[in-house]
Amino acid sequence: MQTSNLTAIRDVAGKVGETVVIGSWLQGKRSSGKIQFLKLRDGSGFIQGVLAKSEVNEETWAAAQKLTQESSLYVTGIVREEPRSQSGYELTVTGIETIQITEDYPITPKEHGIDFLMDRRHLWLRSPKQRAIMVVRAQIIRAIQQFFDERGFTLVDPPVLTPSSCEGTTNLFHTKYFDEDAYLTQSGQLYMEAAAMALGKVYSFGPTFRAEKSKTRRHLIEFWMIEPEMAFVDHEQNLQVQEQFISFVVQSVVSNCRTELETIGRDVSKLEQVQAPFPRITYDEAIELLHKEGFDLPWGEDFGAPHETAIAEKYDRPVFITHYPASFKAFYMKPDPTRPEVVLCADMIAPEGYGEIIGGSQRIDDPELMAQRFQEHELSEEAYAWYMDLRRYGTVPHSGFGLGLERTVAWICGLEHVRETIAFPRTLYRLYP
């Protein structure tokens, strides 16, 4: 078979009435005596192949009968319009060339436990829902890059190996960098601040690692972050960029992945409502709201998942919670000049119980205040000397934020757990496959 002559399933719309050859796998089949229906996939989409015994030779009919789930084959057929199919087309099969007959494929149409499926993640990805999630993820990534590239941001890649922590936490993966201590990055933000001082508006898109021993449905050990930083941008402008950004990404998925969202079972009407501007409440107002909902949470404590969910239930789109207490926020966040016990920051909470998807703030630009923060947080002035240089040499007001890709995918797809949002998830007890 000349593979250069193959047609992708996604391209059959332009081939109606023509004979095509598709390299495919058999997802399943059924028979009604003298007709066989083959459910075919090729990675780009799905199509039904129909064989009538009276219209094909005995060899082709027998080859179709022998096919098992996930057998691989080249299918020759004529593209027909079929309004009843999801794609709107089907294939009248005229020939089959078998590549391999698969035996005992482990993932069958019956129900399987999650551990069984995760152990076979390399095969589970072939299922329609898992494929659809990966397509949506890819569209989200395209939309993210399009948003920033069209608005004058420059993509910059921060290092994965770092000599110190970004946020002063201990949840880091430690390794040796020859004779020095090093860590897998938990955020590229500090390096992006340096890049913003050179390029104005920048963003990074890369893997990050958190050694938190968390088993919640919102956490992965290895995940991807998008971290923009902007020079000469204050807290208010930062929030505007964030809500425009999320609106753009969500509507891009709605426009380009409706079929995949239907496959996943997502209520698209809820995504259509995600349009800027987004509602905003302060931390103080959030505490008051939670008290009315029966939560006993004192001022000065951070919110957990139940608190974020209770707040999000009041809104049909993401909501900003702003002006958190400085006591539990990162050392680099700028205090509110009118109320220094809170900082100029915001968390964006997704609706439907998906929690924080963005955390951002205006950064401290005063070198004296930054030096004070180093002392308060017991950070090494030697390790962070380069970061202090950003305040010594041409400091300016600047802001930024970080978006967790997998949480965003989980929310947009309406998934119960983030483990399905990435091809090969790394969780607390899973490093295989």
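What you see is a predicted model; the values in this text were computed from it and never measured.
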L123 backbone acceptor or donor facing Y105 side chain under 3.5 Å: yes

Might you confirm whether atom CG of D104 has over 12 heavy atoms from other residues, nucleotides or ligands at distances under 6.0 Å? no

Calculate, to the nearest 0.5 Å, the distance between atoms CD1 and OG1 belonging to I133 and T263 respectively. 10.5 Å

Report yes if some heavy atom in the side chain of R210 is under 4.5 Å from a heavy atom in the side chain of L220; otherwise report no. no

Are the side chain of K34 and the backbone N or O of A52 linked by a donor-acceptor pair below 3.5 Å? no

Can you confirm whether E103 is buried at CD, in the sense that more than 12 heavy atoms of other residues, nucleotides or ligands lie under 6.0 Å from that atom? no

Just wondering, do I107 and E70 contact through their side chains at under 4.5 Å, heavy atoms? no

Heavy-atom side-chain contact between W61 and E55 under 4.5 Å: no

Hey, is D365 close enough to K334 for a salt bridge, meaning N to O under 4.0 Å? yes

Working to the nearest 0.5 angstrom, can you tell me the gap between L155 CG and D149 CG? 7.0 Å

Under the salt bridge (Lys or Arg N to Asp or Glu O under 4.0 Å) rule, what do R266 and E262 come out as? Steps first, then yes or no, please. CA-CA 6 Å; R266 185 60 160 124; E262 290 173 359; over 6 Å; no

Between E272 and V254, is any pair of side-chain heavy atoms under 4.5 Å apart? yes

Pairwise distance CG(D11) to CG(L6) - rounded to 0.5 angstrom: 11.5 Å

Does L73 offer a backbone N or O that forms a donor-acceptor pair with the side chain of Q100 under 3.5 Å? no

Apply side-chain contact (heavy atoms from CB on, under 4.5 Å) to V343 and D336, showing your working. CA-CA 5 Å; V343 287; D336 185 334; over 6 Å; no

Which label fits Y191 and W386: parallel for a plane angle under 30°, tilted from 30 to 60°, or perpendicular past 60°? parallel

Under 3.5 Å donor-acceptor, T421 side chain and V418 backbone: yes

Using a 3.5 Å distance criterion without hydrogens, assess whether the side chain of Q139 forms a donor-acceptor pair with backbone atoms of M134. no

Side chains of D284 and T282: any donor to acceptor distance under 3.5 Å? no

Y89 versus Q48, side-chain donor and acceptor atoms under 3.5 Å: no

How are the rings of Y324 and Y283 set to each other: parallel, tilted or perpendicular (split at 30° and 60°)? tilted

Taking the six-membered ring of Y432, is NZ or CZ of R426 closer than 6.0 Å to its centre and within 45° of its axis? no

I'd like to know if K314 pairs up with E293 as an ion pair, taking the criterion as any Lys NZ or Arg NE/NH1/NH2 lying under 4.0 Å from an Asp or Glu carboxylate oxygen. yes

Basic-acidic side-chain contact under 4.0 Å: K176, E180: no

Walk me through whether H398 and F232 qualify under ring-ring contact (aromatic ring centres under 6.0 Å, His included). CA-CA 5 Å; H398 61 289; F232 307 104; 9.4 Å; no

Heavy-atom count around E18 CD within 6.0 Å, excluding the residue itself: above 12? yes

Taking 4.0 angstrom as the limit, do R280 and E236 come out as a salt bridge? yes

CD1-NZ distance between I47 and K39, expressed to the nearest 0.5 angstrom: 12.5 Å

Residues forming a salt bridge (Lys or Arg N to Asp or Glu O under 4.0 Å) with E308, sequence neighbours excluded: R218

Any idea which heavy atoms bring G300 and F328 closest together, and the distance? O-CD2, 3.3 Å

Which label fits F245 and F401: parallel for a plane angle under 30°, tilted from 30 to 60°, or perpendicular past 60°? tilted

Contact summary for K213 and L428, nearest pair of heavy atoms: CA-CD1, 3.7 Å

Tell me every residue that passes ring pair (Phe, Tyr, Trp, His ring centres under 6.0 Å) with H112, counting only those two or more places apart in sequence or in another chain. F116

Give a yes or no on whether the backbone of L297 and the side-chain of H291 come within a donor-acceptor separation of less than 3.5 Å. yes

Residue pair Q275 / S247: nearest heavy atoms and the distance that separates them: C-OG, 3.5 Å

Y387 vs F331 aromatic rings, parallel, tilted or perpendicular, using cut-offs 30° and 60°? perpendicular

Just wondering, do E90 and E81 contact through their side chains at under 4.5 Å, heavy atoms? no

Distance-only donor-acceptor check, side chains Q36 and R30, under 3.5 Å: no

Euclidean distance, K53 NZ relative to Q65 CD, rounded to 0.5 Å: 6.5 Å

Whether R430 and D119 form a salt bridge (side-chain N of Lys/Arg under 4.0 Å from carboxylate O of Asp/Glu) is what I want to check. yes

Check whether F46 forms a cation-pi arrangement with R41 (NZ or CZ under 6.0 Å from the six-membered ring centre, at most 45° off the ring normal). no

Give me the atom names and distance for the closest heavy-atom approach of C413 to V136. SG-CG1, 3.6 Å

Any chance you could lay out the side-chain contact (heavy atoms from CB on, under 4.5 Å) test for L91 and V79, step after step, and finish with the verdict? CA-CA 5 Å; L91 196 68; V79 178; 4.0 Å; yes

Using a 3.5 Å distance criterion without hydrogens, assess whether the side chain of E227 forms a donor-acceptor pair with backbone atoms of G188. yes

Using a 6.0 Å cut-off, check whether atom CZ of F424 has over 12 heavy atoms from anything other than its own residue. yes

What pair of heavy atoms forms the shortest contact from A346 to L239, and how long is it? CB-CD2, 3.5 Å

Closest approach of Q69 to T108 (non-hydrogen atoms, all atoms of both residues): OE1-CA, 4.0 Å

Would a distance-only check, ignoring hydrogens and angles, find a side-chain to backbone donor-acceptor pair under 3.5 Å from Q237 to D234? yes

Do the non-hydrogen side-chain atoms of L344 and S361 ever get within less than 4.5 Å of each other? no

Residues E352, R407: salt bridge by 4.0 Å N-O rule: no

To the nearest 0.5 Å, what is the distance between OG on S214 and CD1 on I221? 7.5 Å

Looking at H219 and T216, would you say the former's side chain and the latter's main chain have a donor-acceptor pair under 3.5 Å? no

Could you go through the salt bridge (Lys or Arg N to Asp or Glu O under 4.0 Å) check for R317 and E243 one step at a time? CA-CA 10 Å; R317 65 197 67 196; E243 61 190 3; over 6 Å; no

For S71, is there any backbone N or O sitting under 3.5 Å from a side-chain donor or acceptor partner on T68? no

Run the salt-bridge test on E406 and R419 with the 4.0 Å N-O cut-off and return the result as yes or no. no

Taking atom types as modelled, find out whether Q189 and E193 have a side-chain donor-acceptor pair closer than 3.5 angstrom. yes

Inspect the contact between E82 and R80 and indicate whether a charged nitrogen and a carboxylate oxygen are less than 4.0 angstrom apart. no

